[in-house]
Asks: 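If you scroll down you'll find the structure; I have some questions about it.
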Amino acid sequence: MLFVTMICKKLFSSVLRTITLFLLMTMICCTSTAKTSYFSETVKVTLRQVGHEILTLNKDMTSSVLPVKKIGKTTYEIAFSNAIEIEPDKLVSLIKTNFQKAKLPDDYIVQVFQCLDNEVAYSYLMKAKEKEGIIPCANRILGKSCYTIQIKFTGIIDFKTDTTTNYLYGVIPLVLIIISVLIWFKKRNSSKNNLKNEEIKISIGNYSFLPDRNILIRNSAEMNLSKKECDLLLILVENKNQTVKREELTKKVWEDNGVVVSRSLDTYISKLRKKLVEDTNVKITNVHGVGYKLIVL
């Protein structure tokens, strides 16, 4: 029973750690997905604002900005319902301004495509360090026509979220790890304490028999048993009220542990009888020619 209990506890501890690890990995995956989604939505909202400002520069209050599309892992596209005119210097300025407001990355490529032939009518490279960027022909106006604008982020993207979300995403996995460690330590210490507390204790009438410690207890008084006395008593207890043959007792207690001395069995049985004499409901009887029996009334 003790062995089964230990196995169950180990299995429970293993399952608990597995569940905790699963929750932690799920949290990490969800965190990554949430951050990516937040970034993508932020880009789309920002680019829609860019599109509206382009229409405002065109003094166009009736046309609309078509839904912003994500056409690649880090590439987005703005399209318009009607033809527009694009001033490169103003395009550079309003994209930069809106990106800074939204705290989007500073490294990106902007390309303006002609709808008719999908050729690049204008493009530039923006870097965090402006001197490293390439912004050609900023003063050449692109005549009124159908255009699509693509923005591709080229640097390492820092998926920024609001302060509260960042705090939660950082704290929750840490809390899960701490809880997992604390539970593991608690279970380990509990297992050790339980092993101590679950010491085998056998009742024999008014006596308590502790075979692991070779002790017999009655009324809080402890009596030490020799190893052979303990082995004999344990066999008799396991076969309580049943006759155990002399040969079986001799083999288990002496033959497996050394040489058998004549009448050794009878001598040790006599010692056990003296230690059990205070309880009249407990006695070890001799079954003549067969063996011994522990009788507990």
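For the numbers below, each heavy atom of this structure counts, side chains included, while hydrogens, waters and symmetry mates do not.
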Asks: Please check if the side chain of S208 supplies one atom and the backbone of I217 the other of a donor-acceptor pair under 3.5 Å.
Replies: no
Asks: Among I78, T46, T75, V50, which residue meets the side chain to side chain contact (heavy atoms under 4.5 Å, CB included) test with I151?
Replies: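 The option that passes is I78.
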Asks: Verify the cluster assignment for V287 and Y268: are they in a single hydrophobic cluster under the rule of side-chain heavy atoms below 4.5 Å apart?
Replies: no
Asks: Is the count of non-hydrogen atoms from other residues, nucleotides or ligands lying under 6.0 Å from K283 atom NZ greater than 12?
Replies: no
Asks: For residues I202 and L225: do they belong to one hydrophobic cluster (side chain heavy atoms under 4.5 Å, members Ile, Leu, Val, Met, Phe, Trp, Tyr)?
Replies: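 Looking at the clustering, L225 is in the same group as I202.
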Asks: Establish, from distance only, whether the side-chain atoms of T56 and N58 form a donor-acceptor pair under 3.5 Å.
Replies: no
Asks: Assess whether a salt bridge exists between R273 and D266, defined as any Lys/Arg side-chain N lying under 4.0 Å from an Asp/Glu carboxylate O.
Replies: no
Asks: Suppose clustering is done on Ile, Leu, Val, Met, Phe, Trp and Tyr with side-chain heavy atoms closer than 4.5 Å. Which residues sit in the same group as I295?
Replies: L297
Asks: Give the minimum heavy-atom separation between L47 and Y76, together with the two atoms involved.
Replies: CD1-CB, 3.5 Å
Asks: For T42 and Y38, indicate whether the former's side chain and the latter's backbone hold a donor-acceptor pair under 3.5 Å.
Replies: yes
Asks: Is the distance between the ring centroids of F99 and Y108 under 6.0 Å?
Replies: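 Judged by ring-centre distance (under 6.0 Å), Y108 and F99 do meet the cut-off.
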Asks: When you look at NZ of K275, are more than 12 heavy atoms from neighbouring residues, nucleotides or ligands closer to it than 6.0 Å?
Replies: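 It does: K275 NZ has more than 12 such atoms within range.
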Asks: Of all heavy-atom pairs between F80 and I54, which one has the smallest distance, and what is that distance?
Replies: CZ-CD1, 4.0 Å
Asks: Take atom NZ in K70; do more than 12 heavy atoms of anything else shown fall under 6.0 Å from it?
Replies: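 Counting other residues, nucleotides and ligands, NZ of K70 exceeds 12 neighbours.
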